[in-house]
Amino acid sequence: MPNIKSAKKRVLVNAAKAAQNKAQKSELKTDLKKFEAAVVGGDRSEADAAYKVAVKAVDRAAAKGLLHKNNAANKKSAMTLKLNKLA
């Protein structure tokens, strides 16, 4: 355990930020799974709605630094291909 006041604060701030990151990553994964489920279900309108939510979540995660921009682009591209195959 740190002895210096600023180091103690860093520990607390890092723990809070880690919790936020974990929650946001979990939310992102949930949105991606909902899209996958809609695609597997074969319902185009449901998949379209889930796609919009998932793409927005991926963009938000990339903007916040949770995902690398290339990783975000890769995820969006893969989702678009899956959605287009559904048609």
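We count residues from 1, following the sequence as given.
- Here the straight-line distance linking atom CD of Glu27 with atom CG of Leu66 works out to 10.0 Å at 0.5 Å rounding.
- Residues Val58 and Met79 have side chains in contact (heavy-atom distance under 4.5 Å, counting atoms from C-beta outward).
- Remark: Gln20 engages Lys17 in a side chain to side chain contact (heavy atoms under 4.5 Å, CB included) (not counting sequence neighbours).
- A pairwise comparison of heavy atoms in Ala7 and Pro2 identifies CB-CB, 3.5 Å as the closest pair.
- A salt bridge links Arg44 with Asp48: the closest approach of a Lys/Arg side-chain nitrogen to an acidic carboxylate oxygen falls below 4.0 angstrom.
- Taking NZ from Lys8 and NZ from Lys5, the interatomic distance works out to 9.5 Å, rounded to the nearest 0.5 Å.
- In terms of modelled atom types and a separation under 3.5 Å, the side chain of Ser77 and the main chain of Ala73 share no donor-acceptor contact.
- For the atom pair NZ of Lys64 and CG of Leu28, the computed distance is 11.0 Å after rounding to the nearest 0.5 Å.
- How far CG of Leu86 is from CG of Leu81: 12.5 Å, rounded to the nearest 0.5 Å.
- A donor-acceptor pair under 3.5 Å is absent between the side-chain atoms of Asn74 and the main chain of Asn70, judged by distance alone.
- Using a cutoff of 4.0 Å between basic side-chain nitrogens and carboxylate oxygens, Asp59 and Lys76 are scored as salt-bridged.
- For the atom pair NZ (Lys29) and NZ (Lys34), the distance works out to 15.5 Å, reported to the nearest 0.5 Å.
- Note: the hydrophobic cluster containing Leu83 also contains Leu32 (ILVMFWY, side chain heavy atoms under 4.5 Å, direct or indirect links).
- Hydrophobic clustering (side-chain heavy atoms under 4.5 Å, transitive across Ile, Leu, Val, Met, Phe, Trp, Tyr) keeps Val53 apart from Phe35.
- Counting heavy atoms from C-beta outward, Lys82 and Glu36 have side chains that approach closer than 4.5 Å.
- A 4.5 Å side-chain heavy-atom check between Leu67 and Lys25 finds at least one atom pair inside the cut-off.
- Between Tyr51 and Val39, every side-chain heavy-atom pair lies at or beyond the 4.5 Å cut-off.
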